[in-house]
Amino acid sequence: MDTRYGPSPLRERYNKTILTHEAAKDLSGFKSGAVNFKLGFWDPSVNGVRYLKALIYNLAAGLSSEDWSRLRKIKNRDTGSPISIHYNGESVCMDYLLAVLELEFIARDVDLTGQRVLEVGAGYGRSCHAILSNYDIETYHIVDLDNSLELARGYLGAVLDEHEYAKVRFVSPGDLDALPYDETFGLGLSVNAFAEMPVATVRDYLSLLDRRARHVYVRDAVGKYLEPDLDGHAHGRDLVGMALSTGPLQQVIDIHDNVVVERQAERFVEAHRPGPDWSCVNSAWARPWSYYWQALYRHRSDDAPEVP
């Protein structure tokens, strides 16, 4: 038998263990199983980092020159050892890609120069880092739970210089009422936070922004999902139940159907409107997650046109 075109030892092993004679006859579900994970693409259950890096690479490839400029201004992005790739000579991770995409969206309608900013639920502070690196901000208030504030203090203290760090105010939710009565903010924002809060808490924060902000930016999920194959509900049913009962949008939807997501986005825009005197001046899908949306609102005292 001519062996010139025979399989490699590796492929021979696959033929004996995965793409067996029996498996080759079974078409039921083969595209989402071990057979196709060797023929078509990588097994997502054990190649999550590979897929994440591929996603980061593709997002980086689509950045505009303005976004590259924004990203390069953000120094010390590798603090904390993020999962990164290199593109155009720059180390790029998902968090700061999202930060510059959000900043691009905001900057279309808001000049942040000289503004005071209030962020609800800042995590470790990547939005704060990105904004302070790109704009001369007067002050940046972060409102979050105590453990998150501790993380943000340490992280921002490590990545910002003394001058910029001095502009940051760390505020526990219980201290919000202590803010000066007449202190207002050119921008209030919340990224990936409201969906994990009790509905009443979201309403209280929106009421606060209604009273104190001129612009509000929100980026978050448009709804809930129940797909155990995404993560195996690894954290248990109790946590799944908690997740389904938080946020202003608790409808369970098909998060991988763009028509469903876009329909739900109409609810998103209304659910995050700070009050009746606010116009939504821009609203769009928030790349890359299929079920995330973003909206920018402006108080109507500024005569902003409503998005049709």
Side-chain angles (χ1 to χ4, degrees), residues 98-99 101-103 105-106 108-110 117-123 127 141-145 148 173 176 184-227 230 239-302 304-308:
L98 296 181
L101 291 174
E102 292 155 9
L103 194 51
F105 186 88
I106 294 168
R108 294 173 193 168
D109 295 284
V110 183
V117 179
L118 173 67
E119 183 174 7
V120 177
S127 297
H141 287 65
I142 290 176
V143 182
D144 215 328
L145 303 177
S148 294
L176 274 172
T184 58
F185 301 90
L187 176 69
L189 72 153
S190 179
V191 174
N192 203 29
F194 285 157
E196 295 186 347
M197 296 182 187
V199 176
T201 302
V202 176
R203 289 172 179 162
D204 287 340
Y205 275 122
L206 290 174
S207 177
L208 172 76
L209 295 171
D210 181 23
R211 299 191 307 272
R212 290 184 175 267
R214 290 179 55 230
H215 301 87
V216 169
Y217 171 80
V218 179
R219 177 187 176 276
D220 220 319
V222 301
K224 307 293 186 179
Y225 61 90
L226 274 174
E227 295 188 39
L230 293 183
L239 198 65
V240 172
M242 292 178 192
L244 291 174
S245 64
T246 57
L249 297 169
Q250 298 179 13
Q251 299 85 357
V252 176
I253 64 170
D254 182 351
I255 62 171
H256 299 118
D257 184 327
N258 72 303
V259 174
V260 172
V261 169
E262 289 170 10
R263 186 181 304 125
Q264 186 72 4
E266 297 176 9
R267 293 179 175 176
F268 177 96
V269 170
E270 289 307 313
H272 295 96
R273 190 185 299 271
D277 294 325
W278 289 76
S279 298
C280 178
V281 295
N282 203 356
S283 166
W285 173 47
R287 292 182 292 159
W289 316 125
S290 61
Y291 63 109
Y292 268 63
W293 209 258
Q294 57 188 340
L296 180 71
Y297 306 87
R298 182 181 295 158
H299 197 276
R300 286 189 175 132
S301 61
D302 290 341
E306 178 79 14
V307 170

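In this structure, Leu244 and Leu226 have side chains that are in contact, with non-hydrogen atoms separated by less than 4.5 Å. For the pair Val110/Tyr217, no side-chain contact is recorded, criterion being any heavy-atom separation below 4.5 Å from C-beta on. Side-chain atoms of Leu208 and Leu118, non-hydrogen and from C-beta on, do get closer than 4.5 Å to each other.
Atom OH in Tyr292 sits 13.5 Å away from atom CH2 in Trp285 (nearest 0.5 Å). Phe105 CZ to Asn282 CG: the interatomic distance, rounded to the nearest 0.5 Å, is 3.5 Å. Taken from CG in Leu103 to CG in Leu189, the straight-line distance is 10.0 Å, to the nearest 0.5 Å. Once rounded to the nearest 0.5 Å, the distance linking CD of Gln251 with CZ of Arg263 reads 12.0 Å.
With hydrogens and angles disregarded, a donor-acceptor distance shorter than 3.5 Å links the side chain of Arg298 to the backbone of Asp109. Looking only at distances, a side-chain donor or acceptor of Gln250 sits under 3.5 Å from a matching main-chain atom of Ser245. The closest donor-acceptor contact from the side chain of Tyr297 to the backbone of Gly275 lies at 3.5 Å or more, if one exists at all. Panel note: side chain Ser290, backbone Ile255; a donor-acceptor pair is recorded below 3.5 Å. Side chain of Asp144 to main chain of Gly123: a donor-acceptor pair is present (N/O by atom type, distance under 3.5 Å, no hydrogens or angles).
Using cut-offs of 30° and 60° on the angle between ring planes, the pair His272 and Phe194 is parallel.
The existence of a salt bridge linking Arg267 and Glu270 is excluded, since no basic side-chain nitrogen approaches an acidic carboxylate oxygen closer than 4.0 Å.
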Is there a side-chain contact (heavy atoms from CB on, under 4.5 Å) between Phe268 and Asp220 once you walk through the steps?
-> CA-CA 9 Å; Phe268 177 96; Asp220 220 319; 3.9 Å; yes

Evaluate the criterion side-chain contact (heavy atoms from CB on, under 4.5 Å) for residue pair Phe185 and Leu209; output intermediate values, then yes/no.
-> CA-CA 9 Å; Phe185 301 90; Leu209 295 171; over 6 Å; no

Could you walk me through whether Val191 and Glu102 pass the side-chain contact (heavy atoms from CB on, under 4.5 Å) check?
-> CA-CA 9 Å; Val191 174; Glu102 292 155 9; 3.7 Å; yes

Please report the C-alpha distance between Met197 and Val120 in whole Å, then the side-chain angles of each, then the deciding distance to 0.1 Å, and finally whether the side-chain contact (heavy atoms from CB on, under 4.5 Å) criterion is met.
-> CA-CA 11 Å; Met197 296 182 187; Val120 177; 3.7 Å; yes

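In plain terms, the two heavy atoms of Val216 and Val218 that are nearest each other are CG1-CG2, 3.9 Å. Closest non-hydrogen pair, Arg273 versus Arg300, comes out as NH1-NH2, 4.0 Å. In terms of heavy-atom proximity, Ala122 sits nearest to Ile142 at CB-CG2, 3.5 Å. Taking every heavy atom of both residues into account, Ala271 and Leu206 meet most closely at O-CD1, 3.5 Å. Looking at every heavy atom in both residues, Pro274 comes nearest to Asp210 through O-CB, 3.5 Å. Shown here for Leu249 and Ala221, the closest heavy-atom pair between the two residues is CD1-O, 4.1 Å.
Residues Ser207 and Arg211 have side chains that bring a donor and an acceptor to within less than 3.5 angstrom of each other. Defined by atom type and a distance below 3.5 Å, a donor-acceptor pair is missing between the side-chain atoms of Arg214 and His299.
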